[in-house]
Amino acid sequence: MMRMQPVSEFKGMPVSENPAPVAIELSDTSVTFGRGAKAVPALSKTTLRIADGEFVALVGPSGCGKSTILRLVSGLVQPTTGVVIVGGREVAARALRVGMAFQNPTMLPWMTIERNIMLPLKIVEPYRSQFRKLRRTEFRDKANALLEQVGLKGFGGKFPWQLSGGMLQRANLCRALIHEPRLLLLDEPFGALDQFTREELWSILQQLWMTHKATVLLVTHDLREAGFLASRICVMSARPGRIVDDSRVTFARPRTVAMTFEPDFVALNQKLRAFIVDARSASQAGAA
Amino acid sequence: MMRMQPVSEFKGMPVSENPAPVAIELSDTSVTFGRGAKAVPALSKTTLRIADGEFVALVGPSGCGKSTILRLVSGLVQPTTGVVIVGGREVAARALRVGMAFQNPTMLPWMTIERNIMLPLKIVEPYRSQFRKLRRTEFRDKANALLEQVGLKGFGGKFPWQLSGGMLQRANLCRALIHEPRLLLLDEPFGALDQFTREELWSILQQLWMTHKATVLLVTHDLREAGFLASRICVMSARPGRIVDDSRVTFARPRTVAMTFEPDFVALNQKLRAFIVDARSASQAGAA
Amino acid sequence: GAQETTIKFTLGWKTQGSDAAFFYAKDHGYFKEEGLNVVIDQGEGSGATVTRVMSGAYDAGFGDVNAIIQNASLKPQEAPVMVYMLWNQPPFAIVTKKTSGINSIKDFEGHTLGGAQGTPTTRLLPVFVRKNGLEGEKIKISNMAPNLQEPMLIKGDIDGALVFNITSYFNLVLNRQDPDKDFKWFSFGDYGLDLYSNGVMVSRKLLASNPKAVAGLVRAVNKAAIAVAKDQNAGMKATVNYDNLINAEVEKRRLQFSYEKLIVSPEMKEIGVGDIKDDRMTRAIGIVVEGYQLARAPTPAEVFSREFLPPRKERDLVYTAN
Amino acid sequence: MSLLDLRQKAWSAALIVLFFVAWELFCLMTGMSDLILPRPSQIFTTLIEKLPILWPHILQTLATTMLGFVLGVGLGVALGAVIGVSKTAYDTCYPLLVGFSSIPKVAVVPIFVLWFGSGTVPAVLTALSICFFPIVVNIATGLATTEPELEDVLKALGASKFDILWNVGLPRTMPFFFASLKVAVSYAFVGAVLSETVASNRGIGNVMMTASSNFNVPLVFAGLFVLAGLGVALYAIFSLIEGQVTGWATRKNDLIAT
Amino acid sequence: MSLLDLRQKAWSAALIVLFFVAWELFCLMTGMSDLILPRPSQIFTTLIEKLPILWPHILQTLATTMLGFVLGVGLGVALGAVIGVSKTAYDTCYPLLVGFSSIPKVAVVPIFVLWFGSGTVPAVLTALSICFFPIVVNIATGLATTEPELEDVLKALGASKFDILWNVGLPRTMPFFFASLKVAVSYAFVGAVLSETVASNRGIGNVMMTASSNFNVPLVFAGLFVLAGLGVALYAIFSLIEGQVTGWATRKNDLIAT
Ligand SMILES: Nc1ncnc2c1ncn2[C@@H]1O[C@H](COP(=O)(O)OP(=O)(O)OP(=O)(O)O)[C@@H](O)[C@H]1O
Ligand SMILES: Nc1ncnc2c1ncn2[C@@H]1O[C@H](COP(=O)(O)OP(=O)(O)OP(=O)(O)O)[C@@H](O)[C@H]1O
Ligand SMILES: [Mg+2]
Ligand SMILES: [Mg+2]
């Protein structure tokens, strides 16, 4: 078993010193839905820079704007103020190959799971141009291999409504991964899974990241998950959210589940908890 | 702070000795979806008896049939074999006032959150007959009071798609509670919430249960949650699930979040984990 | 031959026995002899024939001269020209049920007459009323489609119908009525409305560009009309040949009716089939101008051209029923 | 958004005007006879000139159409609900209804006239019988394709079939109900006018019939324009209601506009 | 399930037969004249008797209808897609289309005839012009009400508008597309027959017109039955395809049957 390396700088490190090229940059980005009296501020002015190949976890209270940040990065939401730069271009999700697992695993109901998972291959180059040619069965094999990895062997031919909540979520993850994206946006991808399936998938995801070094932005409510997977954890305040803490996680990789029960890891968890408690109470005081 | 009482009989206690009247009874109930070559067994023959006023948590790996059990009890799925008796009548969900929080918080998209939450009042007696009369504003106040309790004050007038995943889940819980059901079926009601919101809601739910003594069947993946809330935890095996363990949880009430970090509680968690690991590996060996 | 001229020809209505001459001419190669390829289409009303020819969709057709008068009044340069007046007598009539208690035209007052909108019978009723000194306000008119007139008359919804006798007579037969015994007929011709009616008309364009074809067409039709007058069975054979859906028995009676009531007349015997008398036409134009409230009365020459008629001796028609 | 909205509306209006201008120019350029296709300017002139005469006819047609339409909507919703809910009704009614609506109503009008006399009753019946089918089809399809997850919300509460229909099925079907109204209202006009041309002493259909036998083609077209105008006016009214009722279903467009 | 299915089908067939029996009895009891409403037995007898004569006419009508229908579906889908996607097109085209479809096609047929001569071309055009509107409306509504969440799946991948239309909008709209086909196909028959009654020497419409002017009412009704039969036959074909394509949307019924 690997030894865990103690971490000293949970907080306060200015992340912008990072020398790697920038994959995602939010500068003073805020989002307000609706207008006038019905306006709902979803995200306060937020500045966030994520380097190429980083694995960033985003944690924060419900409704603070985590999904909104993912949607900004994937170009599904336009910023109300500020800019979003992805892969060097402004809100150009197309500039990078993006894979996104939505919080609500929306599968297209008229397609089988297999075809749902193959969807990115049908849309995204270079797979797109090969889709109609001989490679179709190859792609199908790829989809089924992924399904097997997440424990859904044999469910490729089912329709979405024939799967349980957790199974759908796993299929959703497959769809985000199948085209080997350079930028992976995961919105609570393991929320509906039991602890063991979840831990298995953590390891798989870690393995994937260590081989491909894609940039990953993970939204999660599980601090153990964040600690296990991320190289950096951003904590957000309550709605409208801002980033109130930004910490490096430097445990050695590959990390194991057993590590998460060791004191150092638990200490990290406790620290993060404290931040979130602060953020929540601050916002509640502010609201009162 | 309350002292926690040590628990000795996690396992093996025959539950049928319970003298309270039976609220839910599954006898040799199994469910298979589809037929012929496409048949998917979702639930093995299961026998489960839940007494009136019990708080039962159902845990188990993803896809094992937990939601299917809830759907059996609420009459949404017919058993393939065996019978389901609810409130003394066969698959007569109508016999008891049922409140159900679905795993996927399906709000009717054409109604505001407030109206979605008031839906049970529109359908279920005795509220139904009062709905069109003067009590409408009273009901609205009730809905808004519930919304405030789960931290959604001011969101009653929004439409479902204007809420974040976690907010929807909280609204979903409100809809299950508003008509003060005698039987509460909760399918992972806190899955998309951060730890703190979740813990707050645990306490609220515990409080509710202690006052109203409704029968509760809770599906969850969080063993801490099960331990905190339930008076009995049933562990299911992998698909097609059966109940492999059925334990009493006898910590004194009201339980507090701090209690969940104490050694006895952690020990309970570890024991349950062990069961699930067993169940999973057994099923995987069986499948191989 | 190679030089065949194609003429698109529209009938006045769906296939009827009274159109036998055209089918006979086609079947017996009369058109071919004239170097013509005549394509015969069914029509949507003898008034609509004018529109069809005027618009250029058809070169020629069998239709109502009164509709020509109407159009010639407004657009003398576009209105088609009648070149062969087959129906010498007007078919316009009012038919009443004997049980309705109408014994003379005076009895129309206080009764309801059913009219098909736009048909000459309906349109000319005011002239009929005026010429016969009736009180128009006392006659109620109810509008309906032509094929509803007889059923509604039989049913008693209306007391009389403004009709074409050649159509209505057989409609009553088909409705299992006895049109002679149970019904009274008031023919417009007998009450001062001595109009011409259907004949062969051609477009101004054809007239200008190919007068030889017009002459050929008239010659062929004339020859056929005379032949069918002698042998209606042969005429019916050609008709059934064209459209096997018709009720041959009734249509033969209709064919004979057309000769007996509409074609053969003292005037026809005098001037030959196909021709008109200009003074009678002038009077007829006057009636139409009055009835349709036209701004200008066209001259008979604007409406009818006898330029293409075969010589008088070739236009002796002798009708023998068989 | 309101500015954008205005600009968009202006664009649409301009395009509609453009359509008529193109028509006018087409007629002028090809020297089209007004016996075949009059120019819009001629039609409008005739329309304005003859409006006082046309007015009672317009009211008559509007009244019969609306009556037939309202009855047709009622029948359509009821039949659609039955077909959408019951498989047997689906198998029984659909063939009969498709068969019935494949029959040209011109053939049926005379029967109505002989039974009910000429005038308003057959016009109402024809309007009804021509306009209810699109509503049936859309209501039935909407109900049959309602997501079971939505229905489960009510089923779990022990709701009756009617409760589910009323609270889930019908609201979910509203967008397609309004879609079918657009078809139904225009066909209701066609039906009423059709019947008027067959047997009636009043109404636009009657006017058009007379005008057509007078070779007054501009007046025929004026009648058509009146019909089109009435259709569009009713469409506009439904659109307003639709905007209120089915906003939830077209939220996409809101988001784009934001 | 297959047994249940069979029983259900038998029920439906029985109900349909019952409908005709009721009609027969109604006519017998009221002593209805066959000049107004013939008995089904008379109609079937006439139909079988005249079938050899009717046959070429049936083929003619079927051919023109199908041609008009196919063109109408093409036009309808294309226009519906444009309207469903673009707000400007929605505002521009809807009023024009509602206006156009409020116009009785009887008034338009003569124009087609004057331009294209009588016969097949105006019949095809009339069938087309009468049947495309329901398709437009349902495609447009289906596209406009597609859940943005479904589209987001593709948008996040950087899919083009066309990709989204093809992979999400159209499949999602299929149930309502098929619904509109049921309306469209029956109206296509109406259109073709309408045109044939006005101007054609062949086709069911012509037969019916001739029969009607001969007061051969049983033959008129035989023609109507042929039309209804053709409509139902095409409906049955579409139903088969529909079952394959839109099964996902009606999964509810599967669950009930399970
Ligand atoms: N389409 C929308 N229209 C209006 N408000 C919206 C919309 N989408 C999100 N919001 C609001 O924006 C805020 C942030 O939403 P977001 O989905 O980003 O939260 P989140 O951090 O992902 O929460 P959760 O953990 O519960 O999923 C919420 O208050 C929500 O109500
Ligand atoms: N409608 C259906 N048709 C076919 N199979 C179904 C259907 N609903 C559920 N299943 C199957 O039944 C099994 C149990 O599903 P269920 O939803 O009860 O699981 P679960 O225990 O709730 O899982 P999770 O924790 O992932 O929500 C799954 O394997 C699923 O594929
Ligand atoms: Mg979220
Ligand atoms: Mg579940």
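Owing to the predicted nature of the structure, the values given are computational and were not obtained by experimental measurement. All chains are named by letter (A, B, ...) in the order of the sequence lines, taking the proteins before the strands, and each is independently numbered beginning at 1.
- Residue D:Glu242 touches chain E through its side chain alone, counting heavy-atom pairs closer than 4.5 Å.
- Here the CG atom belonging to D:Leu97 is positioned 11.0 Å from the NZ atom belonging to E:Lys182, to the nearest 0.5 angstrom.
- Interface residue D:Val193: only side-chain heavy atoms are found under 4.5 Å from chain E.
- When all heavy atoms of D:Asn138 and E:Phe176 are compared, the closest pair comes out as O-CE2, 4.0 Å.
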Inset, instruction - Check the pair E:Trp11 / D:Lys87 against side chain to side chain contact (heavy atoms under 4.5 Å, CB included), numbers first and verdict last. - result: CA-CA 10 Å; E:Trp11 248 113; D:Lys87 188 89 182 75; over 6 Å; no

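- Two residues are said to be in side-chain contact when any heavy atoms from C-beta on lie closer than 4.5 Å; E:Val106 and D:Thr197 fail this criterion.
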Legend entry - Trace of the ring pair (Phe, Tyr, Trp, His ring centres under 6.0 Å) decision for E:Tyr187 with D:Tyr187: CA-CA 11 Å; E:Tyr187 287 169; D:Tyr187 287 169; 4.7 Å; yes

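- Contacts with chain E were tallied for D:Pro110, D:Pro134, D:Ala184, D:Ser239; D:Pro134 has the most, counting heavy-atom pairs under 4.5 Å.
- Across all non-hydrogen atoms, the minimal contact from E:Phe189 to D:Ser102 is CB-O, 3.9 Å.
- By the 30° and 60° cut-offs, the orientation of the rings of E:Tyr94 relative to D:Tyr235 is tilted.
- Among D:Val98, D:Thr65, D:Ile204, the residue with the largest count of heavy-atom pairs under 4.5 Å with chain E is D:Val98.
- When each of E:Pro104, E:Gly191, E:Ala233, E:Ala236 is scored by its heavy-atom pairs under 4.5 Å with chain D, the top score falls to E:Pro104.
- Heavy-atom minimum distance, D:Ile111 versus E:Phe221: CD1-CZ, 3.2 Å.
- We find the CG-SG distance between D:Leu15 and E:Cys93 to be 8.0 Å, quoted to the nearest 0.5 Å.
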Legend entry - CA sep, side-chain torsions, deciding dist, call: D:Trp115, E:Ile36, side chain to side chain contact (heavy atoms under 4.5 Å, CB included): CA-CA 9 Å; D:Trp115 282 350; E:Ile36 298 178; 3.8 Å; yes

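- Of the atoms belonging to D:Leu224, heavy atoms from both backbone and side chain fall under 4.5 Å from chain E.
- For a residue to count as touching a neighbouring chain, one of its non-hydrogen atoms must lie under 4.5 Å from one of that chain's; by this rule D:Phe178 does not touch chain E.
- The part of D:Leu37 that comes within reach of chain E is its side chain, from C-beta onward, which places non-hydrogen atoms under 4.5 angstrom from that chain.
- Under the 3.5 Å distance criterion, with hydrogens and angles disregarded, a donor-acceptor pair is assigned to the side chains of D:Ser101 and E:Ser186.
- The CZ atom of E:Arg172 sits 8.0 Å away from the OG1 atom of D:Thr145 when rounded to the nearest 0.5 Å.
- For chain E, no part of D:Phe225 is nearby; none of its heavy atoms comes within less than 4.5 Å.
- The CG atom of D:Leu227 sits 13.0 Å away from the CZ atom of E:Phe100 when rounded to the nearest 0.5 Å.
- Residue E:Leu35 holds its CG atom at 9.5 Å from CG of D:Leu114, rounded to the nearest 0.5 Å.
- Looking only at heavy-atom pairs under 4.5 Å with chain E, the residue among D:Val108, D:Ile130, D:Val190 that has the most is D:Val190.
- Taking the side chain as every heavy atom from C-beta outward, D:Ile16 and E:Asp91 never approach each other to under 4.5 Å.
- Atoms CE and CD1, from E:Met208 and D:Ile103 in turn, are 8.0 Å apart once rounded to the nearest 0.5 Å.
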